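Notes follow the structure.
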Amino acid sequence: MVGAQQYGEVNQLGGVFVNGRPLPNAVRLRIVELAQLGIRPCDISRQLRVSHGCVSKILARYHETGSILPGAIGGSKPRVTTPKVVSYIKQLKAKDPGIFAWEIRDRLLADGVCDKYNVPSVSSISRILRNKLGGPLYPVPPLYPVPPQRCWPLHQPYDYYVYLQGRQQAGVPHGLTHGHGPAVPHHAHTHAL
DNA sequence: CTCGTAACGGTTGAT
DNA sequence: CTATCAACCGTTACG
């Protein structure tokens, strides 16, 4: 079972961590907050029981990107489904919504967008049609009854992270891992906390 | 003592 | 559907 290890291990400082997984956002956020209060990294490390190496990394990342979020874990780089190919597929699908994946593949070859060595497989094309043209992708799917609390739009980084934490607690899994950030995390400005 | 960095053992997820 | 494998994770230890 995964659950056995999932609870975590204890580091030299007495802090709990899950090997291979990012620290919780709440802790990452706290690290940045304390730093902005003027607490030194070595003291943050001891206070939160997080290794100084990790504190150093999170702070450095925050200073250069403005985000406390961990980097994108897992997945593969697109090998054949480059942005150019994807947008061409979008066009074909828009013109003929009933088009089959194998027809798309033939068109990519016939139109010279791809050659036979880099043309996407039928299953790749199907996946593109499903993922890139299927879903709204950002505004969280099931929220008919708008929750009483305002959670969008946000203007400050802090609000954004609080919003994220709220999502996670509400059952939206921590699927922000490789999630193509909602256009938020990459604003290196607004350091007004 | 503080802190940047990399080896290490680990997990993840698009292809 | 499963497998691959390069991306990232935090801790540890070194300098």
Side-chain angles (χ1 to χ4, degrees), chain A residues 1-90 101-102 104-105 108 113-138 161 164-165 167-168 172-182 184-186:
Chain A
M1 289 288 255
V2 206
Q5 199 75 91
Q6 193 61 254
Y7 241 73
E9 307 166 44
V10 177
N11 65 22
Q12 292 174 336
L13 301 174
V16 173
F17 70 101
V18 179
N19 198 3
R21 299 299 301 152
L23 285 178
N25 281 342
V27 176
R28 313 177 79 87
L29 178 59
R30 195 81 190 110
I31 289 170
V32 169
E33 286 176 339
L34 292 178
Q36 275 166 352
L37 272 158
I39 314 290
R40 304 165 81 208
C42 60
D43 293 325
I44 295 173
S45 171
R46 285 188 281 258
Q47 201 170 310
L48 299 184
R49 300 179 185 279
V50 170
S51 68
H52 89 262
C54 184
V55 170
S56 177
K57 180 173 164 179
I58 287 174
L59 252 20
R61 192 199 289 285
Y62 179 75
H63 285 133
E64 74 182 49
T65 68
S67 175
I68 66 161
L69 297 180
I73 299 172
S76 306
K77 287 184 174 175
R79 283 196 276 274
V80 291
T81 63
T82 58
K84 186 184 70 175
V85 173
V86 171
S87 75
Y88 199 81
I89 291 175
K90 276 187 190 173
W102 66 267
I104 291 178
R105 191 195 48 192
L108 289 171
V113 177
C114 300
D115 60 42
K116 61 179 174 180
Y117 297 106
N118 66 9
V119 65
S121 67
V122 170
S123 63
S124 289
I125 293 172
S126 299
R127 184 165 35 72
I128 291 165
L129 294 177
R130 236 184 310 113
N131 297 345
K132 311 263 198 226
L133 306 182
L137 197 57
Y138 194 55
Y161 299 122
L164 275 183
Q165 286 168 238
R167 277 183 96 208
Q168 287 184 262
V172 181
H174 77 297
L176 255 277
T177 326
H178 204 277
H180 317 299
V184 177
H186 280 308

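Just so it is clear: chains get the letters A, B, ... in the order the sequence lines come, proteins before strands, and each one is counted from 1. Computed from a predicted model, the values in this text were never measured in an experiment.
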Could I get the full list of side-chain hydrogen bond (donor to acceptor under 3.5 Å, both in side chains) partners for [X], not counting sequence neighbours?
| X | answer |
| --- | --- |
| A:Asp43 | A:Arg46 |
| A:Ser87 | none |
| A:Arg30 | A:Glu33 |

Under 4.0 angstrom, heavy atoms only, what part of the nucleic acid is A:Val50 near: base, sugar-phosphate, or nothing?
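Answer is sugar-phosphate: A:Val50 comes under 4.0 Å of backbone atoms only.
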Quick one: label A:Arg61 by what it contacts on the DNA or RNA (base, sugar-phosphate, nothing), any heavy atom closer than 4.0 Å.
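Sugar-phosphate only.
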Whole angstrom is fine here: how far is it from [atom1] in [X] over to [atom2] in [N]?
| X | N | atom1 | atom2 | answer |
| --- | --- | --- | --- | --- |
| A:Tyr62 | B:dG4 | OH | C1' | 21 Å |
| A:Arg21 | B:dG13 | CZ | P | 6 Å |
| A:Lys77 | B:dG13 | NZ | C1' | 15 Å |

Contacts of type side chain to side chain contact (heavy atoms under 4.5 Å, CB included), residue A:Val80, not counting sequence neighbours:
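For A:Val80 the side chain to side chain contact (heavy atoms under 4.5 Å, CB included) partners, ignoring immediate neighbours, are A:Asn118, A:Pro120.
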When you check the phosphate oxygens OP1 and OP2 of B:dT2, does a side-chain N or O of A:Arg40 lie under 4.0 Å from one of them?
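Answer yes for this pair, as a side-chain N or O of A:Arg40 is under 4.0 Å from OP1 or OP2.
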Is the closest side-chain heavy-atom distance between A:Ser45 and A:Ile31 below 4.5 Å?
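With C-beta onward as the side chain, the pair stays apart.
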Would you check if A:Val86 and A:Pro78 make a side-chain contact, meaning some heavy-atom pair closer than 4.5 Å?
no
Nearest to the side chain of A:Arg46, which nucleotide is it out of B:dC3, B:dT15, B:dT2?
B:dT2
Filter on salt bridge (Lys or Arg N to Asp or Glu O under 4.0 Å), then keep only pairs touching residues 69-87 of chain A, sequence neighbours left out; what's left?
none
Anything under 4.0 Å to a heavy atom of chain A counts; send over the first and last such nucleotide of DNA chain C, read 5' to 3'.
C:dA7 to C:dA13
Look up atom CD1 in A:Ile68 and atom CD1 in A:Ile58, then write down how far apart they are to the nearest 0.5 Å.
8.5 Å
From OG (A:Ser123) to CZ (A:Arg130), nearest 0.5 Å
9.0 Å
Using residues 49-57 of chain A as the side-chain source, report each donor-acceptor pair under 3.5 Å to any protein atom, sequence neighbours left out, with the distance given to one decimal.
from: A:Arg49; atom 1: NH1; to: A:Leu13; atom 2: O; distance (Å): 2.5
from: A:Ser51; atom 1: OG; to: A:Cys54; atom 2: N; distance (Å): 3.3

Roughly what angle, to 10°, lies between the helix axis at the start of the helix from B:dC3-C:dG15 to B:dT15-C:dA3 and the one at its end, five pairs per end?
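Answer for the end axes of this duplex: 20°.
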For A:Arg105 and A:Val122, work out which heavy atoms get closest and say how close.
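The pair with the smallest heavy-atom distance is NH1-CG2, 3.5 Å.
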Quick check on DNA chain B: between A:Arg127 and A:Pro41, whose nearest nucleotide comes earlier from the 5' end?
A:Pro41
Using atom names, set out every protein N or O paired with an N or O of nucleotides 5-9 of chain B below 3.5 Å, distance rounded to 0.1 Å.
from: B:dG9; atom 1: N2; to: A:Asn19; atom 2: OD1; distance (Å): 3.0

